[in-house]
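Heavy atoms only: backbone and side chains are in, while hydrogens, waters and symmetry mates are out. From a predicted model like this one, the values you see are computed outputs, not experimental measurements. Sequence positions, counted from 1, serve as the residue numbers for this chain.
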Amino acid sequence: MVREVKWEDLDSLLELYLYLHDKKTPDHDDHLKSTWERILRDDKYHLIVNEVDGLIVSSCTCIIIPNLTRTVRPYALIENVVTHADHRNRGYAGECIGYAKKLAEAENCYKIMLVTGSKDSAIHRFYENCGFDSKDKIAFTLWMNMEY
């Protein structure tokens with residue numbers, strides 16, 4: 001079942017993120033709690049999960065960003081696409097991305113951007129099969145004070 005996160009999903013989501021790039025779950029401190037609350041209150045920030053038999057097996061983030069160009073139409077950014085290792089290649093991430101596409105459509109976005117750090121050609125094909133084009137733009141990243 002694809003849906004947006006609920007308050008009680010935090011720990012399950014943090015565990016799923018260990019399959020993305022995190023080495024450990026963050027401490028349950030005030031910063032984590034306030035960030036989680038801010039995400040849940042923000043109507044432009046969508047944390048999408050796919051739940052199977054009570055377990056969150058896949059997720060992505062879709063953020064709708066207001067914009068002054070393109071006839072003042074917003075755009076969407078998809079990030080943090082992840083699937084639990086035991087549940088890959090079953091379409092769960094594709095369903096999350098499909099949900100994000102519908103959100104972007106409903107918000108009248110003129111584009112959706114997705115950037116991946118993966119060098120795996122199978123993952124690139126997956127995004128292409130979801131409708132994304134890697135030849136249209138070039139992405140650059142400036143990492144800020146990363147401590148991993």
Who pairs with Arg73 by salt bridge (charged side-chain N to carboxylate O under 4.0 Å, His left out), at least two apart in sequence or on another chain? none
With hydrophobic residues grouped by side-chain heavy-atom distances under 4.5 Å, do Tyr45 and Leu77 end up in a single group? yes
Looking at Glu105, I'd like to know if its CD atom is crowded, meaning that more than 12 non-hydrogen atoms belonging to other residues, nucleotides or ligands lie closer than 6.0 Å. no
Test side-chain hydrogen bond (donor to acceptor under 3.5 Å, both in side chains) applied to Asp42 - qualifying residues, sequence neighbours left out: none
Should Ile56 and Glu15 be marked as a side chain to side chain contact (heavy atoms under 4.5 Å, CB included) after you check the CA-CA gap, both sets of side-chain angles, and the distance that decides it? CA-CA 9 Å; Ile56 293 176; Glu15 288 292 325; over 6 Å; no
Under 30°, 30 to 60°, or over 60°: which ring-plane class applies to Tyr75 and Tyr110, parallel, tilted or perpendicular? perpendicular
Report yes or no: do Leu20 and Leu10 belong to one cluster of Ile/Leu/Val/Met/Phe/Trp/Tyr joined by side chain heavy-atom distances under 4.5 Å? yes
If you draw a 6.0 Å radius around CG in Asp120, do more than 12 non-hydrogen atoms from other residues or ligands fall strictly inside? yes
Test item: Phe126 and Ile97 side chains (from C-beta on) under 4.5 Å apart, heavy atoms: yes
Which heavy atom of Val2 sits nearest to which heavy atom of Tyr99, and what is that distance? CG1-CD1, 3.5 Å
In terms of heavy-atom contacts, does CZ of Arg70 have more than 12 from other residues, nucleotides or ligands at under 6.0 Å? no
Heavy-atom pair with the smallest gap, counting every atom of Asn80 and His21: OD1-NE2, 4.2 Å
Between Thr61 and Leu47 (side chain of the first, backbone of the second, donor and acceptor by atom type, cut-off under 3.5 Å), is there such a pair? no
Do Ser58 side-chain atoms and Val82 backbone N/O form a donor-acceptor pair below 3.5 Å? yes
Is the shortest heavy-atom distance from the side chain of Val81 to the side chain of Cys96 under 4.5 Å? no
4.5 Å side-chain heavy-atom contact, Glu79 and Ile63: no
Using side chain to side chain contact (heavy atoms under 4.5 Å, CB included), reason through His46 and Ile64 one step at a time and then give a plain yes or no. CA-CA 8 Å; His46 303 273; Ile64 309 297; 4.1 Å; yes
Do Leu13 and Trp7 land in one hydrophobic cluster if side-chain heavy atoms of ILVMFWY residues count as linked below 4.5 Å? yes
Please determine if Asp136 and Lys111 form a salt bridge, counting it only when a charged side-chain N lies under 4.0 Å from a carboxylate O. no
Would you name the heavy atoms of Asn67 and Pro74 that are closest together and state the gap between them? CB-CA, 4.0 Å
The residue among Arg88, His87, Glu51 that forms side-chain contact (heavy atoms from CB on, under 4.5 Å) with Val57 is His87
Closest approach of Lys135 to Glu128 (non-hydrogen atoms, all atoms of both residues): NZ-OE2, 4.2 Å
Atom CG of Asn89: over 12 foreign heavy atoms under 6.0 Å: no
Report yes or no: do Phe132 and Val115 belong to one cluster of Ile/Leu/Val/Met/Phe/Trp/Tyr joined by side chain heavy-atom distances under 4.5 Å? no
Would you say Leu32 ends up clustered with Leu40 if hydrophobic residues are merged whenever their side chains have heavy atoms under 4.5 Å apart, either directly or through other cluster members? yes
Quick one: list whatever passes side-chain hydrogen bond (donor to acceptor under 3.5 Å, both in side chains) with Lys44, sequence neighbours left out. Glu107
In terms of heavy-atom contacts, does NZ of Lys6 have more than 12 from other residues, nucleotides or ligands at under 6.0 Å? yes
